[in-house]
Amino acid sequence: MIVEVALPVPMRGGFDYLLPEDHAQPTPGARVRVPFGSRQLVGVITAIKQNSDQPTDKLRRITALLDHKPVLSALMLDWLNWASRYYQHPVGDVISTALPARLRKGEPATSQQSFWRLTETGQALNSDSLKRAPQQQAIIERLRAGRCEDKILKQEFSAAIIRAVKEKQLIEATDDAYIPDTDWPARIKISGQLNANLEQSLAITAINNQAQGFHSFLLEGVTGSGKTEVYLQCIAPLLQQGKQILILVPEIGLTPQTVARFEQRFGIDVAVLHSGLTDKERLTVWQQAGLGETGIIIGTRSAIFTPLANPGMIIVDEEHDGSYKQQDGWRYHARDLAVVRARLENIPLILGSATPSLETLNNALTGKYQHLSLKQRAGGAKAVQHQVLDIKGQALDYGLAKGMQQRIRLHLQQGHQVMLFINRRGFAPALICHQCGHVEECHRCERSFTLHRQLNKLQCHHCGDAKIVPSRCAACGHPDLQPVGMGTEQLEHGIQRLFPQYTAMRIDSDSARGKQKLHGLLDEINQGNSQLLIGTQILAKGHHFPRVSLVVILDVDSALFSADYRAAEHLAQLITQVAGRAGRAQIQGELWLQTHNPGHPLLQDLLNNGYQHFARLALKERQFAALPPYSYQALFRSEAVNGNLAYDFLEQVKACLRQTDISLIGPLPALMEKRQGRYRMQLLLQSDKRTGIQQWLSNMMTRIEKLPLANKVRWSLDMDPMDF
Ligand code: ADP
Ligand code: ZN
């Protein structure tokens, strides 16, 4: 018998192996250990076959079958196979990406656990009869609520007590086959449900009506309109039927607040998956979800691979968020994978956002997704007022115009918080010599070093390279080195000087390194300990700041003039999201944009008519320019220390595709041409038919992989690229 195995190697297709003669028939989705060259690798069986294209005597034997029960269901395998074809990415790597690290390494998929449970005598016992041994009574009561893991029981009770109860034959240890604990539906207790307003009720009814079987919804709701409340009410009946809910959230939006809201509403534990978990914790969540032991799983991008024993719904919150796109290795988009998975699982899918991506909005406007809108802020919160401040020719202190400073003072005097937003961390984006004009640059990236004054370091924000701030100019030796431009660190310093009687707090990836740290800072803000909040876009993502009444965005201009055609969409999303952080409670929120271009049509449309209007206009522009979502793109990237090699490789790729009706743009240097000492080139494929690109690539990839330069440069293919 022959098995086809997907292995984590950069080669397409599966590899055939022989099973030992006496072996029981394994199931696709089970892991095996196999010899590969001189190594032993862990792979997943993708098919059982009678014949191989290889002569049988050339086939090697598997070393070991690692699972009796498959770690990937037939449905998950289908889905990952589809993904491998769609993204033109080797199936072995796709499958390996989808598995938790521990399973990838070949560790056991189900841990043998020892449990304690009541014996029949124990069950029948009236525990009052143990009144004089309260500890023993407590064990009985503990186990009456359900079995308990050995390790946990031993934490709660002394060994002597456990032994005593065991000797009475009231409890017993079991470590036979793992029996999943799927009792959570019975433990659900709904509390704190709000009275849905009219818009919310319409959305909830629409979703409930289609909650059996596949159906996609776009829930477009302005920030604070109560989308989360809609999710909570939609999933309640599904949970009560024992169906599991998978919720994706952007990396940084994953706050304890969100998790706590779901836990409080349903009174059951929520499983959480994010990058801060250990491999062990990750595996545990995966196992529990796969066994149906958890009802709600909330996680970031890679949580989309969580197996579900009894799936009920997938929700992708803030679906426009860029963090759903994996930016290296297998460049999948978790939202797009979610759509396909929901279709295969035959369950409903909700994509929620205040600022839907143009792709999703287009799918809603063409009727592919059912479009639900929440236009009012829930709970009486007032809409934020938008204003533009023209700073042309104005004197600025630390980037703030005089009028702006007065505005800030006014809000502070009323006891509110003010949020200042600048999309650049560090003290200054460059350090320049005042005598000769020399700028310290990272040689590997040919970009200026960012000055981090607190760390006393120059840091390259592109490759992470860092060095101590020099005391003299490297070119002329003069000590007069001055910061140019402004980052969060400098703004914090400046703001503290302008408003010495108030406390400032900075939130960016430097100050909020590590998830716990961020949570701590956010808690402090909401307790009102700091009045002036300074941050990068970390602040714009999903956090609630009820005391903030004024938001100022300092550097609108840099985003207005960008070479990336998505920049306008991203700026609009950012402005709208940032605005949504303010004035959640009964306070009237204000948003101010400082710009040299107050008349910019994009800004004007966004401010006068809101994101919804802006997005529809932007879609028209995309259609006119035949850009996504009205066309489909794939991007070949290549990089090499020798820029010519990177370029020539893409020329060879281009020659392979020349006979097609795909438009080919490039090879061109990437927007950032040099990074970490390598020159970067790209070739863009664009077609008005997705199948066109798909078909050509699937015919050509093997040929492209065999091109003479293919293993001389580092290259990748990015389907539906998001950054250029
Ligand atoms: P979103 O997810 O759209 O940003 P939330 O669901 O977080 O909005 O709701 C914003 C605020 O409004 C929350 O404080 C929430 O408790 C409140 N809220 C939501 N729906 C209602 C409602 N129907 N009645 C009263 N308050 C509501
Ligand atoms: Zn660098």
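First listed ligand is number 1; within each ligand, the first listed atom is number 1.
Per-residue contacts place Asn197 under 4.0 angstrom from the following atoms of ligand 1 (heavy atoms of the residue considered): 23 (N). The atoms of ligand 1 that sit less than 4.0 Å from any heavy atom of Asn195 are 22 (C), 23 (N), 24 (N). Close contacts between ligand 1 and Glu229 involve ligand atoms 6 (O), 20 (N) [criterion: under 4.0 Å to a heavy atom]. Close contacts between ligand 1 and Ser225 involve ligand atoms 3 (O), 8 (O) [criterion: under 4.0 Å to a heavy atom].
Residues passing the side chain to side chain donor-acceptor pair (under 3.5 Å) test with Glu489: none are found, sequence neighbours excluded. For Asp279, the salt bridge (Lys or Arg N to Asp or Glu O under 4.0 Å) test picks out Lys105, with sequence neighbours left out.
For ligand 1, the polar-atom distance check against Thr228 finds a nitrogen or oxygen pair separated by under 3.5 Å. Where the criterion is an N or O separation shorter than 3.5 Å, residue side chain and backbone included, Gly221 fails it with respect to ligand 1.
His411 and Glu590 form a side-chain donor-acceptor contact under 3.5 Å, judged by distance and modelled atom types alone. Side-chain contact of Glu492 with Gln496: a donor-acceptor pair under 3.5 Å is absent, judged by distance alone.
If you look at His215 and Phe217, their ring centroids are closer than 6.0 Å. Ring-centre distance between Trp330 and Tyr86: not below the 6.0 Å cut-off.
Looking at Arg261 against ligand 1, only its side chain comes within 4.0 Å, counting heavy atoms.
Between Gly224 and ligand 1 there is a heavy-atom distance shorter than 4.0 Å.
Here the side chains of Val388 and Trp592 are not in contact, with every heavy-atom distance at 4.5 Å or above.
Of the listed options Ala196, Gly226, Pro546, Gly226 places a heavy atom closest to atom 5 (P) of ligand 1.
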